[in-house]
Every structure is written in structure tokens, then in C-alpha cells.
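The structure appears right after this line, and notes come after that.
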Amino acid sequence: MPIRTLHIDIEGGWGGSSRSLFELTSKFRQNQIYPVIAHRQKGPISKRYRKIGIQSRHIPEIFSYAPKLRVKNFKNFIASLPKMLELPKVIDKIINMVRLHKIQIIHLNYEGLFIMAKLLKQKLNIPIICHSRTQIPNDIFGRYLVKTLSKNVDHIFFISPQEKKRFCQMEIGSKVSKSVMWNISANKKGKRLKKTSEVVYFGDISPAKGADRLVDIAKELESEQEITIIAYGTERNKKGFLNHLITQSRSQGIQNKIIFRKHNSEPEKIMRRSLALVRPSRYNDPWGRDVIEATSNGLPVLATGNFSGVIKPKINGFLFNTFDAKKIAKKIIELHNNPGLWSRISKAGPKIGKKFSGKNQVKQFYEISKRLVKK
């Protein structure tokens, strides 16, 4: 009999964590794991799950709070307090789903669900697994999150060694079982399409993700008539930031060099016909879902940071220890004007991307689940 799992997600297909969960659960073997999904946001993910025969339920009361680096966490925590009033309602709904589907393991798809982990642990006698997808700040909120997860979950998956390292530095006392599970790329089989002169960005339109830095790069590319930056994404927290960037690009006369488009649910198709992916994140984290999918689909990556677990400098992309618009633009131009260089880096990507295929991730999740169920 397969292990019956309930996966709790904060998104509806709009962000990387939701897409990552879909790629994982869609590859489960039916005789090993039977997944059911609960998600907070409405979105395209419901239709995708329905198409492959996985049950999902929209529960808007799902509560999450995750402190962030470079963010005013106290202000955000106060703003989230009214939503906490919905916690009893959502816990009852989750318990009903557990009973209805005879769930054996709960999987929290985001560390921001740590308060729900504590409440569910008090009410249910089944194992809880959590995914940690961001670098947790070492402040009072981050330390409380780490302490709560350590006490109330049975295993934590980290999306890279960097998140695991940071968590371990903050962990005091009880040390929860943990391991690294790389995200799975939505790699589409088929030939690499002919590249265009478009440099792409996928992610939140926010200062933390460096969306404003795209304007600086576009300015450096002003004299390059063929090259354009296309940014796919939406605002989540900082309202008005997108309009600010559009106004800024117009004032500098580069509105045709940087174009902002809405979130795209199938970025891999765009990646397979683009020149490069740029990730100018202020978190200096060159290992996100956009980076993994880009390199797996043969797209050169230019990213800020120095961790080479995904991007190998000069092999499948380029890393920049500090943001420098001029240097990044220069490398983009070099990729555009040197077909041999672009082709070499493009071909190296899928070879490195094999570890993001999903085979090992599915096996890892199943083995951990099997061990926890037998306890």
C-alpha cells in the first residue's frame, strides 16, 4: 500500500515553491506514495494537479510567516497577526483532510508554516516533514522559527547546502533529522530551440530579488540594438515598485531595452529560446528554481553570489561576487557576439542539470517517509 501524504503549500502555482512541489509529487510512483495537496492561493496549479489525477484543495486560511534577510521583520510580523486569528479554522480543515484521506505524513512545503507545525503536532500523532527554502535571518524571529521547527517536525529538507548550513548555525538543543533535496527542474525533452537576443529574468518584482538592478543592466546595454531584457514576474509585497521601475526606464529612454511581463507558468519554454538568464538577487543566492531550470534547459546563467553548487563559473554560466551592471552587461554582449562560447555553455548546462531530474529526489522523499511511518 502506498504511503498517504498531505502536502501543504502557500501558493497556487505562481511561485517557485509551488512549482517545486508539483514537480516532486507528479513524479511519485503510485505504489509508493499517494499525495493530496492543500494550497492557500488560487492559481493554475489546481488544473495541473487535476490533469494528472492528484487531488488538491484550496484553503485560503493557511497561515505562514517567515522572517527574511534585509527586511523589517517586526513590522511584517505585526501585519500578519490578524491572519493568525484564522488558525483554528485552518487546523480543523487540515485535520478533516487527514481523516478523510487517511493521511500518514504531513509535508509542509515552506518553513513559514512553522506555527502550523506546532499546532498540528499538538493535535495529530503523525510525522511532519518540512521544506526550508530560504536563508533564515539570525534575529529573534529567525531563531524562534528554527527552535519551533526543531521541536515539532520529524525531518527537514533544504533546497541547497546553504540553507542547511544556516539552519544548523542557529539550531540549539534538539537537533532534528535533516537533509538536502535539490529542487526538480521542469526540463522539457526536445532540441534546444534557436536562441533569440532576449535576456530573461523570472521572479518577484522586488528590491530583494534585484529587479531594480535590471534597469541598470539595461542602461549598460543601451547601445546594443538587438539585445533586450524581458522580466517575467509580479509584485508581491512592495506595491507600486513595478510602476516605479517602468517610470525609471522611461525617464532614461530605455523602455525598449527592458520590458516587464506578467508571471509565466511555463518558463522553461521561454528559456529554451533565450540568450541568457540574469539573477541579480541581493540575497546572493545563485541556486533558485529559475537558475536550476535555466541550466537544465541549456540557458547560460549570470547571477550574483559565489556559491558554485549549481552554476560552475565559465562552464554553465557566470557568477559575480558583487553586483556590477557594467560587468554583467559586458558578459551578456560577449555571449551574444560569440556563438561558440554561447554554444559551449549551453551544452554544459543539461549535463550539470542531471541532478535536478527528480529521480533521486523522489527516492529520497520516499525513503524518509517510509522510515518515519515505520517508527
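Please read these numbers as outputs of a predicted model, since none were measured by experiment.
- Looking at heavy atoms from C-beta onward, Ile315 lies out of side-chain contact with Ile345 at the 4.5 angstrom threshold.
- Counting heavy atoms from C-beta on, the side chains of Met181 and His131 come closer than 4.5 Å.
- The backbone N or O of Tyr144 lies less than 3.5 Å from a partner atom in the side chain of Thr148, making a donor-acceptor pair.
- Counting heavy atoms of neighbouring residues, nucleotides and ligands inside a 6.0 Å radius, atom CD of Gln122 exceeds 12 of them.
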### Task
Walk me through it: do Arg371 and Glu367 pass the test salt bridge (Lys or Arg N to Asp or Glu O under 4.0 Å)?
CA-CA 6 Å; Arg371 174 174 64 79; Glu367 292 298 328; over 6 Å; no
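- To the nearest 0.5 Å, the span separating CD on Gln248 from CD1 on Ile258 amounts to 9.0 Å.
- Pairs passing the ring pair (Phe, Tyr, Trp, His ring centres under 6.0 Å) check and including a residue from residues 274-295, sequence neighbours excluded, read Trp287-Phe307.
- A donor-acceptor pair under 3.5 Å is formed between the side chain of Gln361 and the backbone N or O of Trp182.
- Distance alone, capped at 3.5 Å, places no donor-acceptor pair between the Arg57 side chain and the Ile37 backbone.
- Every residue two or more places apart in sequence or in another chain that forms a ring-ring contact (aromatic ring centres under 6.0 Å, His included) with Phe167 is listed here: Phe158.
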### Message
Determine whether His244 and Thr247 satisfy the following criterion, side-chain contact (heavy atoms from CB on, under 4.5 Å), listing intermediate values before the conclusion.
### Response
CA-CA 5 Å; His244 166 71; Thr247 300; 5.8 Å; no
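- Annotation for Pro67 and Pro137: closest pair O-CD, 3.3 Å, computed over non-hydrogen atoms.
- With sequence neighbours excluded, no residue forms a side chain to side chain donor-acceptor pair (under 3.5 Å) with Asp216.
- In plain terms, the two heavy atoms of Val199 and Ile227 that are nearest each other are CG2-CG2, 4.0 Å.
- Residue pairs satisfying the salt bridge (Lys or Arg N to Asp or Glu O under 4.0 Å) criterion with at least one member in residues 99-109, sequence neighbours excluded, are absent.
- The distance from the CD1 atom of Ile8 to the CD1 atom of Ile106 is 5.0 Å, given to the nearest 0.5 Å.
- Proximity of Glu86 to Phe63: side-chain heavy atoms (C-beta onward) are nowhere separated by under 4.5 Å.
- Remark: side-chain polar atoms of Glu163 are not paired, donor with acceptor, to backbone N or O of Thr134 under 3.5 angstrom.
- Around the NZ atom of Lys327, the shell of radius 6.0 Å holds no more than 12 heavy atoms that belong to other residues, nucleotides or ligands.
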Exercise answer: donor-acceptor pairs, residues 38-45 side-chain atoms, under 3.5 Å, sequence neighbours excluded:
unit_1 : atom_1 : unit_2 : atom_2 : d
His39  : ND1    : Gln41  : O      : 2.7
His39  : NE2    : Ser46  : OG     : 3.0
Arg40  : NH1    : Ile62  : O      : 3.2
Arg40  : NH1    : Ser64  : OG     : 3.0

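- Residues Ser185 and Ile292 share a closest heavy-atom pair of CB-CG2, 3.9 Å.
- Judged by distance alone, with hydrogens and angles left aside, the side-chain atoms of Arg289 form a donor-acceptor pair with the main-chain N or O of Ile184 at under 3.5 Å.
- Judged purely by atom type and a 3.5 angstrom limit, Ser343 has no side-chain atom pairing as donor or acceptor with the backbone of Gly340.
- The ring of Phe365 has its center closer than 6.0 angstrom to the ring center of Phe28.
- Going from atom CD1 of Ile128 over to atom CG of Leu124 covers 7.0 Å, rounded to the nearest 0.5 Å.
- Between Tyr201 and Lys209, the closest side-chain pair of non-hydrogen atoms falls below 4.5 Å.
- Residue-environment remark: CZ (Arg250) stays at or below the threshold of 12 foreign heavy atoms within 6.0 Å.
- Residue Ile105 holds its CD1 atom at 7.5 Å from CD1 of Ile33, rounded to the nearest 0.5 Å.
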### Message
Checking Ser56 against His58 for the side-chain hydrogen bond (donor to acceptor under 3.5 Å, both in side chains) test, could you report, in this order, the C-alpha distance in whole Å, the side-chain angles of both residues, the deciding distance, and whether it holds?
### Response
CA-CA 7 Å; Ser56 68; His58 173 226; over 6 Å; no
### Derivation of the side-chain contact (heavy atoms from CB on, under 4.5 Å) call for Leu221 and Ile229
CA-CA 9 Å; Leu221 294 169; Ile229 296 177; 4.1 Å; yes
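- Side-chain atoms of Lys359 and Lys27, non-hydrogen and from C-beta on, never get closer than 4.5 Å to each other.
- Proximity of a side-chain donor or acceptor of Asn73 to a complementary backbone N or O of Lys68 within less than 3.5 Å is detected.
- In this structure, Glu224 and Ile333 have side chains that are in contact, with non-hydrogen atoms separated by less than 4.5 Å.
- Within 6.0 Å of CD1 in Ile172 there are 12 or fewer heavy atoms belonging to other residues, nucleotides or ligands.
- When the shell of 6.0 Å around NZ of Lys312 is examined, it contains more than 12 heavy atoms from other residues, nucleotides or ligands.
- Judged by distance alone, with hydrogens and angles left aside, the side-chain atoms of Ser26 form a donor-acceptor pair with the main-chain N or O of Glu23 at under 3.5 Å.
- Taking both residues in full, the closest heavy atoms of Val310 and Ile352 are given as O-CG2, 3.7 Å, listed atom of the first, atom of the second, then distance.
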### Query
Would Glu334 and Lys331 satisfy salt bridge (Lys or Arg N to Asp or Glu O under 4.0 Å), going step by step from the backbone distance to the final call?
CA-CA 5 Å; Glu334 185 179 356; Lys331 193 58 64 176; 3.0 Å; yes
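- A side-chain donor-acceptor contact under 3.5 Å links Ser346 to the backbone of Gly298.
- Interatomic distance, Ile217 CD1 to Asp212 CG, rounded to the nearest 0.5 Å: 10.0 Å.
- Note that CD1 of Ile159 and OG of Ser20 are 7.0 Å apart. Values are rounded to the nearest 0.5 Å.
- No more than 12 heavy atoms of other residues, nucleotides or ligands shown are found within 6.0 angstrom of CD on Gln30.
- Pairs of residues two or more places apart, or lying in two chains, that qualify as salt bridge (Lys or Arg N to Asp or Glu O under 4.0 Å) and include a residue from residues 113-132 are Lys121-Asp154.
- Minimum heavy-atom separation, Tyr110 to Ala66: OH-CB, 3.1 Å.
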### Task
Run the numbers on Arg273 and Glu198 for salt bridge (Lys or Arg N to Asp or Glu O under 4.0 Å), then give the verdict.
CA-CA 8 Å; Arg273 59 169 176 76; Glu198 294 181 356; 3.3 Å; yes
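- Ala211 and Asp204 make their closest contact through CB-O, 4.2 Å (heavy atoms, listed as atom of the first residue, atom of the second, distance).
- The shortest distance between side-chain heavy atoms of Ile94 and Leu6 falls below 4.5 Å.
- Between Leu87 and Met116 the shortest side-chain heavy-atom distance falls below 4.5 Å.
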### Task
Could you go through the side-chain contact (heavy atoms from CB on, under 4.5 Å) check for Val176 and Glu171 one step at a time?
CA-CA 9 Å; Val176 64; Glu171 191 176 22; 3.8 Å; yes
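- Arg213 places no side-chain N or O within 3.5 Å of a backbone atom of Pro207 that could act as its donor or acceptor partner.
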### Message
Show, in sequence, the C-alpha distance, side-chain angles and deciding distance for Glu61 and Lys83, and conclude whether the salt bridge (Lys or Arg N to Asp or Glu O under 4.0 Å) test is met.
### Response
CA-CA 8 Å; Glu61 300 89 358; Lys83 298 178 182 178; over 6 Å; no
